[in-house]
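Worksheet for the structure shown next.
In what follows, every chain begins at residue 1, and chains take the letters A, B, ... in the order their sequences are listed. Note that the structure is predicted; figures quoted are calculated from it, not measured.
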Protein chains: 2
Amino acid sequence: MDFRCLNSFAVLANQLHFGRAATLLHLSQPALSKQIRKLEEEIGAALFRRDSSGTTLTAAGAVLARDAGDLLARCQETLSRARRAGRGETGTIGIGFGIATYDLMPRVIARFRALYPGIQVSLRDMPSVEQVDALRARRLDIGFVRLPTPADMTVLPVASERLVLALPAAAADIAGIGDLRAMPLILLDRRRTQSVFDQVMALCAAFHVSPPIQQEVPEFSTALALVASGAGASLVPRSAKRDDLGIIYRDIDHAAAEWSVGAAWRTGECEPAVLNFLRCLETELSACPAGQRSHLRGPRGAAAPAGGAGPTLRYQLFSD
Amino acid sequence: MDFRCLNSFAVLANQLHFGRAATLLHLSQPALSKQIRKLEEEIGAALFRRDSSGTTLTAAGAVLARDAGDLLARCQETLSRARRAGRGETGTIGIGFGIATYDLMPRVIARFRALYPGIQVSLRDMPSVEQVDALRARRLDIGFVRLPTPADMTVLPVASERLVLALPAAAADIAGIGDLRAMPLILLDRRRTQSVFDQVMALCAAFHVSPPIQQEVPEFSTALALVASGAGASLVPRSAKRDDLGIIYRDIDHAAAEWSVGAAWRTGECEPAVLNFLRCLETELSACPAGQRSHLRGPRGAAAPAGGAGPTLRYQLFSD
DNA sequence: CATGGCGATAACCAAAAGTGATCATGTCGG
DNA sequence: CCGACATGATCACTTTTGGTTATCGCCATG
């Protein structure tokens, strides 16, 4: 059964006049006659009585007319629901975030929620590596992860700042990582932030030192408290610095001493809801003047278009 | 939106495999691809993700898949309801009956109700002339009326019997209508049985008498009671005769002294429910041996096919 | 590196649906 | 009573659609 025919039938059932109904349907009268005839054949009974005195519904026609409106309405409803979902106005979006949540992310999510109230935002706290797995398995759509990311993800760098060396007041003689020697390093929980751990290890190796890992803590503030207590040194992003603990900070003269976070998604993503979110993120980023963010220098040359994936996203935003 | 495409979509959404789904749908894989593509264009978004790793639903596809099954089911329901109505298995049938209800009619209706429990039978008691009007206005579908009927009705004679002259015991000298002279005639209520009244008048005119109308009564039994009391004569069908009142009955030697009843319907009727009823009536009539019914001699040459109206009804049943 | 599975694409063909012209019939006004 | 009009059916024809087979490109796998 064709919905077109059914609609024509409904109009004709209202008009009870082939000519008028055909005009309303932007159709010629023979075409409408044919459609109705087809429907009648499908049902196996006449739907209209074509008398000299006019066109009237038969009993079967009346039954169908009663149902047709409802059916057509449901059809439209189904269609428009699918369309809304297709425009990314309804649905669910899974967003992951790691330990380092910058203020940008909540702002973006608030903006997205306001713009697309029909999308259920599912926020999940998980380490970068897990996020990448979850993205691959479609348990997540967007991940706020530490950079760099594997090649099958496209990434939009969101923030980046230098790592600084935090030293107890008693260790003022240490000028940089190269001087750490036996000074224990207090780092974040390895299971949660494998990539930071690896990065720090690589950094130490670059300076030809391999300090012992003293403790793995859940947050930077805890690490700094331990540093203040003299338990060891730590590497923290510049923004985590606290001036009230008597800690000594040293800049690190090495390109890899960069703490970068980006939004990652499956390369080639085409779920409209996800694209909408990215658009949202993009505008939020451009609304936030670059000067207020840490300078961006993405490890993998910042966000490349990655095979022209997102059709409408302009990655050039970050060329400044 | 095409129902066909939607169904293909539903199957593909289950199978998640174009080739298999196409086989199930008895069409080739490119055809299915085309159908899905058409649907996707209509919705304005991809419904499936065609990865190297397989075919999966997009968010929009999942939304549509959830609704599609329901919509298709409703569509089938609507269709089959219309089909049932088209076969005359559901709906309403209006049946009229006059003062002369023969036992055949209840039997036919009982049979019809048993055979088509989905049809609501609306029985209405009304005089023949009103029945004919109601039939024309479609307020009635079948009328059990006195014959003859107007030309735009087709009729199936159901019963016919001779009228007899009923005389008070004191009027034994009257041999027939021609002798009535001033003897009052007790007839049925004219408003209810105009045609009988007219017939009797015509009969009197044929015998060159015009007896006064003494009383118009609601039923034959009342008329006979009045005859027995000596109030006048009456004309009643032979079956209405009562032997316990001392009434004298005289046969009437005239062709028009016939009391005929038939089922009438609009010539050219094509409502399946009505045709089903007529079929029912037909079988009931043939089940009842002709001998048990009064001999048929319909005033208008019995039931003529009347323009080949009822396609499957065999009017020849009454050719005996 | 050849192979096989899977969906897209191309070329082609048949069926369907649309169109304008015309017909048949019944109504109505003169 | 007759011609004009209205209405839906029918016809001949064109365009569109949907379907088929053959083939391609891609990727995973042995």
**Request:** Would you kindly give the CZ-to-P distance between Phe48(A) and dT7(D), to the nearest whole Å?
**Result:** 16 Å
**Request:** To the nearest Å, give me how far apart NZ (Lys34(B)) and P (dC13(C)) are.
**Result:** 14 Å
**Prompt:** In terms of the nearest nucleotide of DNA chain C, which residue is placed more toward the 5' end: Ser52(A) or Pro30(B)?
**Reply:** Pro30(B)
**Complete:** Side-chain contact check for Arg50(A): nearest option of dC11(D), dG19(D), dG8(D) is dG8(D)
**Request:** Calculate the interatomic distance between Asp152(A) atom CG and dC27(D) atom P; express it in whole Å.
**Result:** 14 Å
**Message:** With a 6.0 Å cut-off on the ring centroids, do Tyr116(A) and Phe277(A) count as close?
**Reply:** no
**Asked** So does Arg4(A) get a side-chain nitrogen or oxygen closer than 4.0 Å to the phosphate oxygens (OP1/OP2) of dG18(C)?
**Response** yes
**Request:** May I ask you to evaluate whether Ser33(A) reaches the phosphate of dA9(D), defined as a side-chain N or O under 4.0 Å from OP1 or OP2?
**Result:** yes
**Prompt:** dT10(D) phosphate, OP1 or OP2: any side-chain N/O from Arg37(A) under 4.0 angstrom?
**Reply:** yes
**Request:** Could you tell me the separation between the NZ atom of Lys38(B) and the P atom of dG19(D), rounded to a whole number of Å?
**Result:** 9 Å
**Prompt:** Counting any heavy atom closer than 4.0 Å, what does Ser53(B) reach on the DNA or RNA strands: base, sugar-phosphate only, or nothing?
**Reply:** nothing
**Message:** Without decimals, in angstroms, what is the distance between Ile36(A) CD1 and dG18(C) P?
**Reply:** 11 Å
**Nucleotide nearest His17(A) (side chain, heavy atoms from C-beta), chosen from dA21(C), dG18(D), dG8(D)** = dG8(D)
**Prompt:** So which nucleotide from dT20(D), dG7(C), dA9(D) ends up closest to the side chain of Phe18(A)?
**Reply:** dA9(D)
**Prompt:** What is the distance, rounded to the nearest whole Å, between atom CD of Gln29(A) and atom P of dC11(D)?
**Reply:** 14 Å
**4.5 Å side-chain heavy-atom contact, Glu42(B) and Leu79(A)** = yes
**Asked** Contact class for Arg20(A) vs. all strands (heavy atom < 4.0 Å): base, sugar-phosphate, or nothing?
**Response** nothing
**Item:** Residues Gln131(B) and Arg124(B): side-chain donor-acceptor under 3.5 angstrom
**Value:** no
**Item:** Whole angstrom value for the distance that separates P of dG8(D) from CG of Leu25(A)
**Value:** 13 Å
**Request:** Determine, for Arg37(B) against Glu41(B), whether the closest basic-nitrogen to carboxylate-oxygen distance falls under 4.0 angstrom.
**Result:** no
**Request:** Report the distance from atom CG of Asp51(A) to atom P of dG26(C), rounded to the nearest whole Å.
**Result:** 11 Å
**Request:** Could you tell me whether the phosphate oxygens of dT20(D), OP1 or OP2, come under 4.0 Å of any side-chain nitrogen or oxygen in Ser28(B)?
**Result:** yes
**Asked** If you measure from the Lys or Arg side-chain nitrogens to the Asp or Glu carboxylate oxygens, is any gap between Arg266(B) and Glu269(B) under 4.0 Å?
**Response** yes
